[in-house]
Amino acid sequence: MLLPATVLERMVISIREYTNRKTWRTLAAKPTAEQRTTLTALLPVEESRRTSRLDRLRRSPRDITGPGAVKAIDRCIELNKLGADGWDLSAIPAGRLHALSRYASWVRARAVADLAEPRRTATLVAFAAAMRTRAADEAIEVFDMLMSDLARTSAHLAAKQRMRTLGDLDAAAWACPKNPAST
């Protein structure tokens with residue numbers, strides 16, 4: 001027996017809403033009260049910077065310099081302080097976790113702040129868990145590119161220095177008197 005399309009649509013929508021609410025409640029229960037406060041503190045826009053901490057934390061490092069590597073590491077440290085390493089998120093399907101994290105990464109902090117509880121906290125938990133690993137990967141990548149650049153620059157300078165000294169070595173070899181014992 002086939003159900004009419006509207007009945008089937010309503011059934012699918014209600015099941016989807018139920019699983020979303022269950023996922024949000026499960027994720028929102030993971031952080032402690034102190035961690036929830038810290039997560040919520042990511043959302044307000046700071047007057048001195050005109051951006052929120054959430055906006056700054058999701059921004060990938062672009063500066064491949066020593067100070068840029070320090071900023072990338074500081075970002076990792078700040079994300080680790082959110083406490084995501086202590087949350088067991090194995091019961092949440094990876095796709096749902098990724099979708100919530102991606103949402104928090106794409107929209108403005110104000111849009112996340114406007115979400116109703118427990119969805120807001122769940123979105124922030126997913127963001128903190130996903131960004132922790134991503135920020136570590138990006139910090140390693142910045143450090144690797146910086147070291148590669150330094151090695152390349154060092155090799156270039158060493159080759160340049162060697163080319164400068166070759167002329168001096170040739171001149172010294174030609175100016176050196178011949179050993180009388182060898183003739």
Side-chain angles (χ1 to χ4, degrees), residues 8-147:
L8 183 60
E9 286 173 1
R10 282 193 305 251
M11 188 182 302
V12 168
I13 289 170
S14 70
I15 291 171
R16 183 176 289 155
E17 286 176 3
Y18 171 78
T19 53
N20 282 338
R21 282 192 305 268
K22 183 178 177 185
T23 301
W24 298 335
R25 282 191 309 270
T26 304
L27 281 172
K30 297 297 179 183
T32 64
E34 182 182 322
Q35 290 171 333
R36 269 191 218 99
T37 304
T38 306
L39 288 170
T40 306
L42 296 175
L43 299 174
V45 174
E46 298 171 346
E47 291 178 23
S48 61
R49 295 189 169 204
R50 293 191 282 175
T51 60
S52 68
R53 280 181 56 211
L54 180 73
D55 292 330
R56 285 195 321 279
L57 287 175
R58 65 182 169 197
R59 199 170 300 130
S60 297
R62 294 183 181 97
D63 191 16
I64 312 300
T65 62
V70 170
K71 285 179 187 176
I73 291 169
D74 287 344
R75 177 176 170 237
C76 272
I77 292 169
E78 192 172 350
L79 282 162
N80 279 330
K81 286 181 182 176
L82 297 176
D85 58 335
W87 304 329
D88 178 20
L89 304 179
S90 59
I92 309 298
R96 288 189 187 277
L97 201 59
H98 181 69
L100 280 170
S101 170
R102 189 177 46 209
Y103 178 78
S105 295
W106 286 355
V107 301
R108 292 201 171 273
R110 186 76 213 146
V112 176
D114 289 343
L115 294 174
E117 280 299 333
R119 186 177 180 188
R120 177 182 338 131
T121 303
T123 303
L124 291 170
V125 166
F127 170 79
M131 283 305 291
R132 184 176 158 266
T133 344
R134 184 172 152 196
D137 289 345
E138 289 173 347
I140 291 169
E141 192 174 309
V142 166
F143 184 75
D144 182 47
M145 288 191 292
L146 178 62
M147 290 298 112

Euclidean distance, [Y] [atom2] relative to [X] [atom1], rounded to 0.5 Å:
X: I92; Y: L27; atom1: CD1; atom2: CG; result: 4.0 Å
X: K71; Y: D74; atom1: NZ; atom2: CG; result: 9.5 Å
X: T32; Y: L39; atom1: OG1; atom2: CG; result: 9.0 Å
X: L79; Y: R58; atom1: CG; atom2: CZ; result: 12.0 Å

Name each donor-acceptor pair under 3.5 Å that joins a side chain in residues 129-138 to protein atoms two or more places apart or in another chain, with its distance.
from: R132; atom 1: NE; to: N80; atom 2: OD1; distance (Å): 2.9
from: T133; atom 1: OG1; to: A129; atom 2: O; distance (Å): 3.3
from: R134; atom 1: NE; to: E138; atom 2: OE2; distance (Å): 3.2
from: R134; atom 1: NH2; to: S60; atom 2: OG; distance (Å): 3.4
from: E138; atom 1: OE1; to: S60; atom 2: OG; distance (Å): 3.4
from: E138; atom 1: OE1; to: R75; atom 2: NH1; distance (Å): 2.5
from: E138; atom 1: OE1; to: R75; atom 2: NH2; distance (Å): 3.2
from: E138; atom 1: OE2; to: S60; atom 2: OG; distance (Å): 2.8

[X] to [Y] - nearest heavy-atom pair and separation:
X: T51; Y: V45; answer: N-CG1, 3.7 Å
X: W87; Y: L82; answer: CZ2-O, 3.6 Å
X: L146; Y: A69; answer: CD2-CB, 4.1 Å

Show which side-chain atoms of residues 94-106 pair as donor or acceptor with protein atoms under 3.5 Å away, not counting sequence neighbours.
from: R96; atom 1: NH1; to: N20; atom 2: OD1; distance (Å): 2.9
from: R96; atom 1: NH2; to: T19; atom 2: OG1; distance (Å): 3.2
from: S105; atom 1: OG; to: S101; atom 2: O; distance (Å): 3.0

Who pairs with R110 by side chain to side chain donor-acceptor pair (under 3.5 Å), at least two apart in sequence or on another chain?
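For R110 the side chain to side chain donor-acceptor pair (under 3.5 Å) partners, ignoring immediate neighbours, are D114.
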Taking the side chain as every heavy atom from C-beta outward, state whether V112 and L42 have any atom pair closer than 4.5 Å.
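Side chain of V112 against side chain of L42, heavy atoms only: no contact under 4.5 Å found.
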Is T121 close to L124 at the side-chain level, that is, under 4.5 Å between some pair of heavy atoms?
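Of all side-chain heavy-atom pairs linking T121 with L124, none is under 4.5 Å.
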Mind checking side-chain contact (heavy atoms from CB on, under 4.5 Å) for A109 and listing every partner two or more places apart, or none if nothing turns up?
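side-chain contact (heavy atoms from CB on, under 4.5 Å) check on A109 returns L43, S52, L54, D55.
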Please list, chain by chain and in numerical order, all residues satisfying salt bridge (charged side-chain N to carboxylate O under 4.0 Å, His left out) with E78, sequence neighbours excluded.
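In terms of salt bridge (charged side-chain N to carboxylate O under 4.0 Å, His left out), with neighbours along the sequence ignored, E78 is linked to R53.
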Looking at residues at least two apart in the chain, or sitting in another chain, which of them share a salt bridge (charged side-chain N to carboxylate O under 4.0 Å, His left out) with R56?
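For R56 the salt bridge (charged side-chain N to carboxylate O under 4.0 Å, His left out) partners, ignoring immediate neighbours, are E46.
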